[in-house]
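First up is the structure itself, then whatever we jot down about it.
What you see below is based on every heavy atom in this structure, not just the backbone, and it leaves out hydrogens, waters and symmetry mates. Nothing here was measured: the structure is a model prediction, and the numbers come from that model.
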Amino acid sequence: MNLGCLCIFLATVFFSSMEVALKTVAQDFHPMQMNCTRFLIGGLLLLPFALGSIRRKGISIPAAAWAEFARLAFTGLVVSMMLYQCSILRAPASVISVLFSCNPILVFAFAFLIRKEALTREHVAALVLEAVGAFLIIDPLHARPDMSGVVLVLASAALFALYVVLGKRLCTTYGALASTSFICLAASAEMLVIMAASHVPPIAGALDSAGLGMFARIPFIEGYTASNIPAFLYICVFVTAGGFACHFKGIEMTSPVTGSIPFFFKPVLAPMLAMAVLGEAIPAGMWAGIAVMLLASITSMVPALRASRLRRRLQPGG
C-alpha cells in the first residue's frame, strides 16, 4: 500500500467515526463552540509539522495565499461544519453520515467544472450506485427523516465538496500538513470573531428577534465534564487533526476524485459504528443500501487501479 492510499484509508476510518463521536457530545456543547475548539486544537497539533514542511520546501507564503486559506476556511469549515454540526442535532448519526457521504457526487461535478478533470464511465456508474444506496439507506418513504436535518447536511456536503476541489492547488503548492493546519487555525479565528460578536447586545438582540437565538451569546468554555473529555479529545486529535491531514495528504498525492473515496466507504462503516456505539437500528433496507454503497466504492476505485497497473507495466522490468 503506497502512502497516498494509506492516508486515504486512515481518513476513511477517522471520518467514519465522526458522527458517532460528535453525537455522544452534541448536547453538551454549542455547535460553533465545538467546531472552534476542535479546529483550534487540531490546527495547533499540526502546526509544528506544517512549519517544518514549509522550511524544508524553502518557500514563503504570500498575502494572497493567506487570503485564500481564510476563504477556504470560511467556506469549508466555518459554514459547512456549522451546518453539519446542526444537522447532527436533528437526525440520526447513521442518516447524517450517509447524506454527507454523497458529497463525492459534488466533488466529481466541481472537479469537472473547475479543474476540468475527466470523469470515467466507472465514476459515473459509481455515482449512480451511490445515489441508489443513499436512497435505500435513508428510506424516505417509510422513515420520514427530519427534513431540516436533511437540508442542512446536504448544504454542508456541497460546501465541503467545493472546499476539497478548491483546496487541491494549495495542498500541491504548500503541502497537505501546512494547508490543513493553516486552514484549521484560520477557521477557529473566524469563529472566535463570530462568537465574540454574538455577545454584543445589539447583535444578540437582533438574532433573538430574527428567531436565531441559538447563534446569540455563543459560549466559549462551557459543558466540559470528566465523562465527555475523552470523546472530545478523540474528535480534536484524531477526527480533526488526523482525519483532515490524512485526507488532504491523500488528495495531494492523488486527486480530488481519488480523495473522495473515504466518503464512499464512510456509509458502510459509519452506520455500523452507530449501531454498535449508539444502539441505532439498522433495518433491512439500510443493509441493502450499505451493500450498494460498497459496490459503488469498489467501482470508483477501478480507474485508479487500472492506472496503477499501467504504470507498473510501463516501468523497466514491469
Side-chain angles (χ1 to χ4, degrees), residues 5 8-26 84-85 87-108 121-158 160-161 231 234-235 238-239 243 247 257-305:
C5 291
I8 294 298
F9 171 77
L10 290 174
T12 301
V13 173
F14 293 143
F15 286 161
S16 294
S17 64
M18 181 162 55
E19 288 80 12
V20 173
L22 287 173
K23 194 78 171 181
T24 61
V25 298
Y84 176 82
Q85 188 76 16
S87 71
I88 287 285
L89 297 171
R90 298 172 181 267
S94 55
V95 172
I96 294 301
S97 66
V98 170
L99 286 174
F100 191 80
S101 298
C102 291
N103 81 70
I105 297 173
L106 299 171
V107 169
F108 290 160
R121 62 179 181 274
E122 289 86 1
H123 288 142
V124 175
L127 293 177
V128 173
L129 290 170
E130 180 90 0
V132 172
F135 183 86
L136 290 172
I137 290 175
I138 297 166
D139 192 15
L141 300 179
H142 300 96
R144 300 192 183 282
D146 185 333
M147 289 310 298
S148 64
V150 169
V151 171
L152 287 171
V153 74
L154 288 177
S156 173
F160 192 80
Y234 175 79
I235 292 167
F238 292 96
V239 173
H247 188 218
V257 171
T258 304
S260 68
I261 286 176
F263 299 100
F264 276 114
F265 279 103
K266 182 181 169 73
V268 179
L269 298 178
M272 294 181 180
L273 289 173
M275 178 181 66
V277 178
L278 301 177
E280 293 186 2
I282 301 185
M286 183 172 284
W287 284 115
I290 288 173
V292 175
M293 288 283 195
L294 182 58
L295 180 59
S297 302
I298 296 170
T299 303
S300 73
M301 291 188 294
V302 169
L305 294 173

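Using a distance-only test at 3.5 Å, with no hydrogens or angles considered, no donor-acceptor pair links the side chain of Ser16 to the main chain of Val13. Side chain of Thr12 to backbone of Ile8: a donor-acceptor contact under 3.5 angstrom is found.
Taken to the nearest 0.5 Å, the CD1 atom of Ile88 stands 5.5 Å off from the CG atom of Leu22. Between Met18 atom CE and Ile96 atom CD1 the span is 11.0 Å, to the nearest 0.5 Å.
Ala231 and Thr24 make their closest contact through CB-OG1, 3.8 Å (heavy atoms, listed as atom of the first residue, atom of the second, distance). Nearest heavy atom pair, residue Thr299 against residue Ala125, reads CG2-CB, 4.1 Å. Across all their heavy atoms, Ala11 and Gly243 have their closest contact at CB-O, 3.9 Å. Nearest heavy atom pair, residue Leu129 against residue Val292, reads O-CG1, 3.1 Å. Smallest separation of non-hydrogen atoms from Leu136 and Gly289: CB-CA, 3.7 Å. Closest approach of Gly149 and Ser87 over heavy atoms only: O-CB, 3.6 Å.
With a 6.0 Å radius and a threshold of 12 heavy atoms from other residues, nucleotides or ligands, Tyr234 has its OH atom above the threshold.
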Criterion side chain to side chain contact (heavy atoms under 4.5 Å, CB included) on Tyr84 and Val153, from CA distance to verdict: CA-CA 5 Å; Tyr84 176 82; Val153 74; 4.2 Å; yes
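Residues Phe160 and Phe100 bring their aromatic ring centres within 6.0 Å.
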